[in-house]
There are 2 protein chains.
Amino acid sequence: MNRDANRPAVRATAPTFSPLYRQIKDFLVASLERGEWGPGDAIPSEGELAQRFNVSQGTVRKAIDEMAAENMLVRRQGKGTFVSTHDDPRSFYRFLRLLPDDGVAVPSASDPFFCETIAASAEVAAALGLQPGDPVIHVKRLLSFAGETVVFDQIYLLADLFGGLTLDALRAGERSLYSLFESDFGVRMINAEERLRAVGADSESAGHLGVGVGDPLLLVERTAYTYGNKPVEWRRGLYCTRSHYYKNDLG
Amino acid sequence: MNRDANRPAVRATAPTFSPLYRQIKDFLVASLERGEWGPGDAIPSEGELAQRFNVSQGTVRKAIDEMAAENMLVRRQGKGTFVSTHDDPRSFYRFLRLLPDDGVAVPSASDPFFCETIAASAEVAAALGLQPGDPVIHVKRLLSFAGETVVFDQIYLLADLFGGLTLDALRAGERSLYSLFESDFGVRMINAEERLRAVGADSESAGHLGVGVGDPLLLVERTAYTYGNKPVEWRRGLYCTRSHYYKNDLG
DNA sequence: AAGTGGTCTAGACCACCGT
DNA sequence: CGGTGGTCTAGACCACTTG
């Protein structure tokens, strides 16, 4: 990272001061983006990175600290620092916020039943940064907790990133969707934004969720982003909240 | 903080290792709890605290870092470190997640219209750690954005902390409720948990919000905590999401 | 025992804010 | 200018994991 040469140069072109640790972080993020280290892999130790960048260990630590806080990396004392993976419950199991009323988390079962490439609607295009009519992959699936169907999701994916996705691939295995996306397509969801509303069930949703048309459902619209805040998925989920609730911590 | 004497003692009684910076943090949190420094006040500088505790500045920094991450303190480069206050938009303006569809945040107007001390129901008692029948203060209020009423809140407060709260006090001034609570009662809300559901409007809510009975509303149940994760408020809000949505970032 | 992350120090210097 | 938070270093030592 050659701080003596690099820092003045950076500051000359950018009046916005960028500390060394942030430059290192940016480099590491770019490395993740390039797939230098895959999900679940250990990255080099702090000491080795410090040597490689010619900085002190504390500076590397601060870069890694931020990335860990953003859920890109996971630190494990005595073992190393690892690239987050959706397979690991302790890092990337934080996207489904629906819990049963009794509070006991239960493994959910995904049942995808539709997967086709379609032309993006205006709404989907806007969310994904596309032009209306651009190709997107449309997936429909149901989610159930303990045998009870509680979510009807309609998912839209960038077609150029998820080309070749089939219903059979979606049905195979027990993995979560994001786990499959990262292992089969190299696309890692690192954060997302959700917009929630209460709506009345339409006939399709009512049928899937076993409620009456017009019954209240929780509408959850999610845009999910990979590295660099690039949107790659938009989904519209309808949650039946008769015996489940959406949990949110205001930290 | 006398690390040479304190650390071995701590480790002897507690096999769970507690680093120095965490002991300092605990001390600072306790000081905030005791009201040593009030909302908006500057706490002593890092250097002074380091001297006082007989540790290095870096150790104090780490303690403060954690507290800043938990929104108890706000750092301002060149000025100092300050106790968070709900008056300051940049720290404690993060509890109302409802936004208009057009995305432009608008100041909200609170219209409280009911305030009485009542006996806690089983539901309220459970949320606040009370016995059913214990006294709580029940507040009802409406929230409107740009003249449109969008939220009907029913708020339950620990009677022993908020004794003397009146409708007149609630109506006075432009401050948010939490701002009033912290300045008039010394109770600072530092975090909260919300549970969301979609429900059909009952007649009271429908009347307040200008929707039909049975129309879908977003039910938001919130438990709010002060220092030490002590629950001090429980509220049940009904949000009309016809032209507003609840925003949540999955970070 | 070796290797990793985690804590702590003492001191230097930088960026930002006020006077 | 002085004071405050922010960055960075070089090195010591501790805690945890694995062989």
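Sequence lines set the chain letters: A, B, ... in the order given, protein chains first and strands last, and positions in each chain run from 1.
- In this structure, the CD atom of A:E66 is 15 Å from the C1' atom of D:dC8, given to the nearest Å.
- Judged by the 6.0 Å and 45° rule, B:R76 forms a cation-pi pair with B:F82.
- Contact annotation: A:K79 side-chain N/O to D:dC16 OP1/OP2 distance is not under 4.0 Å.
- Between B:Q57 atom CD and D:dT4 atom P the separation is 10 Å, expressed in whole Å.
- For A:R97, the salt bridge (charged side-chain N to carboxylate O under 4.0 Å, His left out) criterion is met by no residue, not counting sequence neighbours.
- The shortest distance between the side-chain N/O atoms of B:T81 and the OP1/OP2 oxygens of D:dG5 is below 4.0 Å.
- Salt-bridge annotation for A:D101 and B:R195: absent, with no side-chain N of the basic residue lying under 4.0 Å from a carboxylate O of the acidic one.
- Taking the centre and axis of the six-membered ring of A:Y225, the NZ or CZ atom of A:K230 falls outside the cone set by 45° and 6.0 Å.
- The NZ-P distance, from A:K62 to C:dC14, rounds to 17 Å in whole Å.
- From one end of the helix from C:dA1-D:dT18 to C:dG18-D:dC1 to the other, with five pairs defining each end axis, the axis direction shifts by 10° (rounded to 10°).
- Within the 4.0 angstrom heavy-atom criterion, only backbone atoms of the sugar-phosphate kind lie near B:R76; the bases stay farther away.
- Side-chain proximity of B:L20 to the nucleotides C:dG6, C:dC8, D:dC8 is greatest for C:dC8.
- Rounded to whole angstrom, the span from the CZ atom of B:F17 across to the C1' atom of C:dT7 amounts to 6 Å.
- Considering B:R222, B:R235, B:R236 in turn, B:R235 is the only one that fulfils the salt bridge (charged side-chain N to carboxylate O under 4.0 Å, His left out) rule with B:D153.
- Atom CZ of A:R61 and atom P of D:dA12 are 18 Å apart (whole Å).
- Across the interface with DNA chain D, nearest-nucleotide mapping of A:S56 and B:S45 shows B:S45 to be the residue nearer the 5′ end.
- Nearest-nucleotide assignment on DNA chain D puts the 5′-proximal partner with B:I64, out of B:I64 and A:T59.
- Rounded to whole Å, atom P of C:dC8 lies 10 Å from atom CZ of B:R22.
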For residues 103-111 of chain B, please give each side-chain donor-acceptor pair under 3.5 Å, one per line with the distance, not counting sequence neighbours.
from   : atom 1 : to     : atom 2 : distance (Å)
B:S110 : OG     : B:R141 : NH1    : 2.9

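- A:T85 places no side-chain N or O within 3.5 Å of a backbone atom of A:P39 that could act as its donor or acceptor partner.
- Closest-nucleotide positions on DNA chain C for A:I43 and B:G78 were compared, and the one nearer the 5' end corresponds to A:I43.
- Distance B:N54 CG to C:dA10 C1': 13 Å, rounded to the nearest Å.
- Atom CD in B:Q77 sits roughly 14 Å away from atom P in D:dT4 (whole-Å rounding).
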